[in-house]
Amino acid sequence: MIAIYPGSFDPITNGHLDIIERCAKKFDKVIVAVSVNLNKKSAFTIEERVDMIRELLVDSENIEVDSFQGLLVDYTKNKGADVIIRGLRAVSDYEYEMQMSMYNKELYPDIETLFLVARGNYSYLSSSIVKEVAYYGGDITRFVPPSIEEKISAKLKGGL
C-alpha cells in the first residue's frame, strides 16, 4: 500500500518527521510530496525543501521524496497511491482537513484520507511558527533537526 504525505514543509519540522516515521512503519511506501502552496510565501524554494527532506531521510528504504504542483488527487492517481496522510495538531486543523478530504474524495472516489494526530509535544508546532521564532532570534533547536536549523539560520541572514 502506498501513502502520500503532502505538505509545503517550509521548513520540515520534528512534527512532520514524526508523522513520516510513523507512516513508514505502517505502509509499504510513503511518498513525502512537497507541494507549491499558492497561498503561502515560501522561505525556501521547492528544490531546497526537497533536498532538505532527502538529506534527513537518506537511510529510509521505503520513503520517497518528490515534489508536485497542481491538484493533489491528480498527483495521487499518477503515483498509484491508496492513501493521503494528513497530520492534525488541533481541532481547528480538522475542519479544514475534513473539507479537503471530502473534496479529494469527490474528485477521486478511490482515495482515502487518513488523519494522524500529532503527538502532544508537537501539537503546537508549525513551520510558520518556527520561521517566526528563528527570525526574531529565538531558539528553535527543539523544533527542527540540527541540519535544518543551520539552513534556517543561513536563510535568515539573507532575509526571509
Side-chain angles (χ1 to χ4, degrees), residues 1-119 121-132 143-145 147-148 151-152 155 160:
M1 190 174 266
I2 300 172
I4 293 189
Y5 180 40
S8 54
F9 305 106
D10 187 43
I12 191 165
T13 68
N14 290 336
H16 294 130
L17 289 171
D18 179 61
I19 297 285
I20 293 166
E21 290 166 3
R22 289 163 56 194
C23 288
K25 293 176 185 175
K26 304 291 183 196
F27 295 97
D28 299 320
K29 182 177 183 179
V30 176
I31 301 171
V32 179
V34 181
S35 64
V36 174
N37 186 332
L38 300 175
N39 297 320
K40 293 182 181 180
K41 182 182 184 300
S42 298
F44 294 93
T45 67
I46 198 156
E47 294 83 8
E48 289 172 321
R49 289 179 272 154
V50 167
D51 288 345
M52 284 190 282
I53 299 168
R54 282 186 179 145
E55 179 183 311
L56 291 170
L57 302 173
V58 69
D59 295 326
S60 303
E61 293 180 18
N62 67 330
I63 300 173
E64 174 186 327
V65 182
D66 195 13
S67 64
F68 76 99
Q69 189 169 359
L71 293 177
L72 176 59
V73 291
D74 292 339
Y75 179 78
T76 302
K77 285 181 197 177
N78 290 337
K79 288 294 189 175
D82 308 286
V83 176
I84 296 171
I85 303 296
R86 298 303 296 165
L88 298 177
R89 295 169 295 189
V91 174
S92 56
D93 287 344
Y94 178 76
E95 186 174 340
Y96 172 78
E97 295 298 346
M98 177 59 92
Q99 286 178 326
M100 291 306 299
S101 71
M102 292 185 329
Y103 171 76
N104 289 336
K105 189 78 166 167
E106 186 69 27
L107 292 175
Y108 183 26
D110 292 338
I111 196 68
E112 295 295 339
T113 300
L114 177 64
F115 299 120
L116 287 181
V117 177
R119 295 186 194 274
N121 54 326
Y122 300 127
S123 63
Y124 59 87
L125 188 55
S126 74
S127 296
S128 298
I129 290 172
V130 167
K131 288 184 289 194
E132 185 173 350
F143 310 138
V144 297
S147 65
I148 303 302
K151 288 172 176 46
I152 293 170
K155 182 68 76 169
L160 284 176

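For this chain, numbers begin at 1 and follow the sequence in order. The figures here come from the full heavy-atom set of this structure, side chains too, leaving out hydrogens, waters and symmetry mates.
A cation-pi geometry, defined here as NZ or CZ lying under 6.0 Å from the six-membered ring centre and within 45° of its normal, does not hold between K151 and F44.
Heavy atoms of other residues, nucleotides or ligands lying less than 6.0 angstrom from OH of Y94 number 12 at most. The neighbour count for K26 NZ, taken as heavy atoms of other residues, nucleotides or ligands under 6.0 Å away, does not exceed 12.
In terms of modelled atom types and a separation under 3.5 Å, the side chain of N104 and the main chain of L72 share no donor-acceptor contact. Between the side chain of E21 and the backbone N or O of D18, no donor-acceptor pair lies under 3.5 Å. Counting only distance, with no hydrogens or angles, the side chain of D28 and the backbone of I2 share no donor-acceptor pair below 3.5 Å. S42 places no side-chain N or O within donor-acceptor distance of the main-chain N or O of T45, the cut-off being under 3.5 Å.
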Checklist entry - What do the steps show when you test R119 against R22 for side-chain contact (heavy atoms from CB on, under 4.5 Å), and what is the final call? => result CA-CA 11 Å; R119 295 186 194 274; R22 289 163 56 194; 3.3 Å; yes
Next on the checklist: Show, in sequence, the C-alpha distance, side-chain angles and deciding distance for S8 and R49, and conclude whether the side-chain contact (heavy atoms from CB on, under 4.5 Å) test is met.
Outcome noted: CA-CA 8 Å; S8 54; R49 289 179 272 154; 3.9 Å; yes
Next on the checklist: If you apply the rule side-chain contact (heavy atoms from CB on, under 4.5 Å), what do you find for L71 with Y103, and how did you get there?
Outcome noted: CA-CA 11 Å; L71 293 177; Y103 171 76; 3.9 Å; yes
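Considering every non-hydrogen atom in both F68 and I46, the closest pair reads O-CD1, 4.2 Å. Minimum interatomic distance between I63 and A24 (heavy atoms only, all atoms of both residues): CD1-CB, 3.8 Å. The minimum heavy-atom distance linking V50 with S67 is given by the pair CG2-CB, 3.8 Å. Taking every heavy atom of both residues into account, G87 and I19 meet most closely at CA-CD1, 4.3 Å. Looking at every heavy atom in both residues, P11 comes nearest to K131 through CD-CG, 3.8 Å.
For the residue pair D74/Y108, the side-chain donor-acceptor check at 3.5 Å is not satisfied.
Applying the side-chain contact (heavy atoms from CB on, under 4.5 Å) criterion to T13, with sequence neighbours excluded, gives H16, L125, S127, V130, V144. Under the side chain to side chain donor-acceptor pair (under 3.5 Å) criterion, K105 pairs with E112, not counting sequence neighbours.
Ionic pairing of D66 and K79 is present here: one or more N-O contacts between side-chain nitrogen and carboxylate oxygen are shorter than 4.0 angstrom.
Proximity of I84 to S101: side-chain heavy atoms (C-beta onward) are nowhere separated by under 4.5 Å.
For the side chain to side chain contact (heavy atoms under 4.5 Å, CB included) with I20, the qualifying choice from I85, V32, L56 is V32, the only one to do so.
Every pair passing side chain to side chain donor-acceptor pair (under 3.5 Å) that includes a residue from residues 80-89 is listed here, sequence neighbours excluded: R86-E97, R89-D93.
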